[in-house]
Undergrad: 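Below is one structure. I have some questions about it.
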Amino acid sequence: MKIILASQSPRRKELLERMGITDFEVIPARGAEIFTRSLTPSQLVEELSQNKCAEVAAAHPDDLIIAADTVVAVNNRVLGKPRSEEDAARMLSALSGRLNMVYTGVTVALGRERVTEYEITSVRFRPLTQADIVRYIATGEPMDKAGAYGIQGYFARFVRRIEGDYNNVVGLPVGRLYQEAKEWIGE
């Protein structure tokens, strides 16, 4: 049995390695991420992680598949990855000085067995000026991240408070994942 991370995120790969799982393959799901707007953020991340997992598991039915998806929500309004710098600026303006919730859905599958869970972490930012936003977008960092920010990089300077699993905000709730998969990963 191989362990497969169904994600192209370098952050998820690094977090899995920090968990002590170093012998795994990265095979990202290629299907389009379709946001079902009628779902709550927690339902959405569970659905997205299930879809990614199912796609990769179909080609690797005897392997342990780990899939995850993260979104940021402000007042239950989902912010995915920005489509442009203008979209990133809009998202960052909406997050300025406010509380946002980071949801990550994780699906783990081995054969016919599947477990899906989600984690929520709250993050409050300091107020951002337009100059802060322009400078941050110029780093290029927000363009591939849900909510247009990466807590582990340059944007950390704007975090006022975090409640919950920090790793969840980075993209993989390692504590929850470990508890769900420890019997399968041999620990």
Side-chain angles (χ1 to χ4, degrees), residues 5 7 9-16 18-19 33-53 66-83 87-108 115-137 139-182:
L5 176 62
S7 174
S9 166
R11 293 162 299 280
R12 288 191 182 113
K13 179 181 182 289
E14 181 182 327
L15 288 171
L16 208 56
R18 282 192 201 163
M19 286 178 63
E33 286 187 357
I34 299 170
F35 282 34
T36 306
R37 296 289 175 193
S38 62
L39 298 178
T40 66
S42 57
Q43 292 169 328
L44 177 62
V45 294
E46 285 186 331
E47 179 180 88
L48 291 170
S49 73
Q50 289 169 349
N51 291 346
K52 288 179 180 181
C53 190
I66 300 169
D69 202 274
T70 302
V71 299
V72 172
V74 176
N75 294 331
N76 249 9
R77 192 178 108 232
V78 172
L79 304 177
K81 294 177 184 175
R83 294 180 300 279
D87 196 27
R90 180 188 58 74
M91 288 183 192
L92 293 167
S93 293
L95 293 169
S96 176
R98 299 186 68 191
L99 179 70
N100 68 92
M101 307 303 285
V102 179
Y103 295 80
T104 301
V106 178
T107 300
V108 180
V115 176
T116 300
E117 297 283 342
Y118 70 92
E119 188 74 34
I120 305 171
T121 303
S122 65
V123 183
R124 182 172 296 278
F125 295 126
R126 300 179 186 288
L128 302 167
T129 66
Q130 279 308 112
D132 292 332
I133 292 171
V134 168
R135 241 187 330 274
Y136 181 56
I137 292 171
T139 69
E141 189 177 285
M143 301 315 296
D144 71 336
K145 294 172 181 64
Y149 74 88
I151 198 168
Q152 72 281 7
Y154 178 94
F155 202 74
R157 63 180 63 191
F158 302 114
V159 175
R160 175 169 280 160
R161 183 178 61 223
I162 178 172
E163 292 181 30
D165 183 348
Y166 169 84
N167 292 313
N168 183 56
V169 183
V170 178
L172 192 66
V174 295
R176 181 172 295 273
L177 172 59
Y178 176 75
Q179 293 306 313
E180 297 302 329
K182 66 183 173 183

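Remember, it's a predicted structure, so these values are computed and weren't measured experimentally.
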Undergrad: Distance check, rounded to the nearest 0.5 Å: S49 atom OG versus L44 atom CG?
TA: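 Here the interatomic distance stands at 9.5 Å.
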Undergrad: Would you indicate whether the side-chain heavy atoms of V115 and T107 approach each other to under 4.5 Å?
TA: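 Contact flag for T107/V115 side chains = no.
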Undergrad: Between Q50 and T116, does a side-chain hydrogen bond (donor to acceptor under 3.5 Å, both in side chains) hold up when you go through it step by step?
TA: CA-CA 7 Å; Q50 289 169 349; T116 300; 3.2 Å; yes
Undergrad: In Å and rounded to the nearest 0.5 Å, what is the CG to CD distance from L172 to E14?
TA: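 Rounded to the nearest 0.5 Å, the CG-CD separation comes to 11.0 Å.
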Undergrad: Output all residues satisfying side chain to side chain donor-acceptor pair (under 3.5 Å) with E180, sequence neighbours left out; order by chain, then residue number.
TA: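 In terms of side chain to side chain donor-acceptor pair (under 3.5 Å), with neighbours along the sequence ignored, E180 is linked to no residue.
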Undergrad: Quick one: list whatever passes salt bridge (charged side-chain N to carboxylate O under 4.0 Å, His left out) with R90, sequence neighbours left out.
TA: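 Counting only residues at least two positions away or on another chain, R90 forms a salt bridge (charged side-chain N to carboxylate O under 4.0 Å, His left out) with D87.
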Undergrad: For T40, check side chain to side chain donor-acceptor pair (under 3.5 Å) against everything at least two apart and list the hits.
TA: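 T40 satisfies side chain to side chain donor-acceptor pair (under 3.5 Å) with S42, Q43 only.
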Undergrad: Would you say L39 and E47 make side-chain contact, with heavy atoms under 4.5 Å?
TA: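 Answer yes - side chains close enough.
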Undergrad: Under the side-chain hydrogen bond (donor to acceptor under 3.5 Å, both in side chains) test against T121, which residue among N168, D165, N167 passes?
TA: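 That would be N168.
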Undergrad: Is any side-chain heavy atom of L177 less than 4.5 Å from a side-chain heavy atom of L16?
TA: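 Side-chain contact under 4.5 Å: yes.
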Undergrad: Which residues pass the side-chain contact (heavy atoms from CB on, under 4.5 Å) test with D144, sequence neighbours left out?
TA: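 Expected list: R11.
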Undergrad: Under 3.5 Å, which donor-acceptor pairs do the side chains of residues 125-134 form with other protein atoms, sequence neighbours left out?
TA:
| from | atom 1 | to | atom 2 | distance (Å) |
| --- | --- | --- | --- | --- |
| T129 | OG1 | A131 | N | 3.4 |
| T129 | OG1 | D132 | N | 2.9 |
| T129 | OG1 | D132 | OD1 | 3.4 |
| T129 | OG1 | D132 | OD2 | 3.1 |
| D132 | OD1 | R135 | NH2 | 3.0 |
| D132 | OD2 | T129 | N | 2.9 |

Undergrad: Holding to side-chain contact (heavy atoms from CB on, under 4.5 Å), I want the full list of residues that pass it with L99, two or more places apart in sequence or in another chain.
TA: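 Only M101, S122, R124 meet the side-chain contact (heavy atoms from CB on, under 4.5 Å) criterion with L99.
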Undergrad: What pairs of donor and acceptor atoms, side-chain ones from residues 153-160 against any protein atom, are under 3.5 angstrom apart with sequence neighbours left out?
TA:
| from | atom 1 | to | atom 2 | distance (Å) |
| --- | --- | --- | --- | --- |
| Y154 | OH | R157 | NH1 | 3.4 |
| R157 | NE | Y154 | O | 3.4 |

Undergrad: Give every donor-acceptor pair under 3.5 Å between a side-chain atom in residues 69-81 and any protein atom, sequence neighbours left out.
TA:
| from | atom 1 | to | atom 2 | distance (Å) |
| --- | --- | --- | --- | --- |
| D69 | OD2 | K52 | NZ | 2.7 |
| T70 | OG1 | R12 | NH2 | 3.1 |
| T70 | OG1 | T104 | OG1 | 2.8 |

Undergrad: Determine all donor-acceptor pairs shorter than 3.5 Å in which one atom belongs to a side chain in residues 145-152; sequence neighbours excluded.
TA:
| from | atom 1 | to | atom 2 | distance (Å) |
| --- | --- | --- | --- | --- |
| K145 | NZ | E141 | O | 2.9 |
| Y149 | OH | N100 | OD1 | 2.8 |

Undergrad: Residues in side chain to side chain donor-acceptor pair (under 3.5 Å) with R83, at least two apart?
TA: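 Once residues adjacent in sequence are excluded, R83 has no partner under the side chain to side chain donor-acceptor pair (under 3.5 Å) criterion.
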Undergrad: Check the surroundings of atom OH in Y136: do more than 12 heavy atoms from other residues, nucleotides or ligands lie under 6.0 Å from it?
TA: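 Yes, because the 6.0 Å sphere around OH of Y136 holds more than 12 heavy atoms from other groups.
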Undergrad: Does the side chain to side chain contact (heavy atoms under 4.5 Å, CB included) test come out yes or no for Y178 and M19, once each step is laid out?
TA: CA-CA 8 Å; Y178 176 75; M19 286 178 63; 3.7 Å; yes
Undergrad: E46: which residues meet the salt bridge (charged side-chain N to carboxylate O under 4.0 Å, His left out) condition with it, sequence neighbours left out?
TA: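 E46 satisfies salt bridge (charged side-chain N to carboxylate O under 4.0 Å, His left out) with no residue once adjacent residues are dropped.
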Undergrad: Listed by chain and number, what are the side-chain contact (heavy atoms from CB on, under 4.5 Å) partners of Q179, not counting sequence neighbours?
TA: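 Testing Q179 for side-chain contact (heavy atoms from CB on, under 4.5 Å), a comparison that skips the adjacent residues, returns K182.
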Undergrad: Considering only heavy atoms from C-beta outward, does the side chain of P82 approach that of M143 to under 4.5 Å?
TA: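 Result yes, sub-4.5 Å side-chain heavy-atom pair found.
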Undergrad: Indicate the atoms forming the closest heavy-atom contact of V106 with A68, along with that distance.
TA: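 Scanning both residues completely, I find the closest heavy atoms to be CG2-CB, 4.2 Å.
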Undergrad: Show your working on side chain to side chain contact (heavy atoms under 4.5 Å, CB included) between L5 and K13 and close with a plain yes or no.
TA: CA-CA 7 Å; L5 176 62; K13 179 181 182 289; 4.2 Å; yes
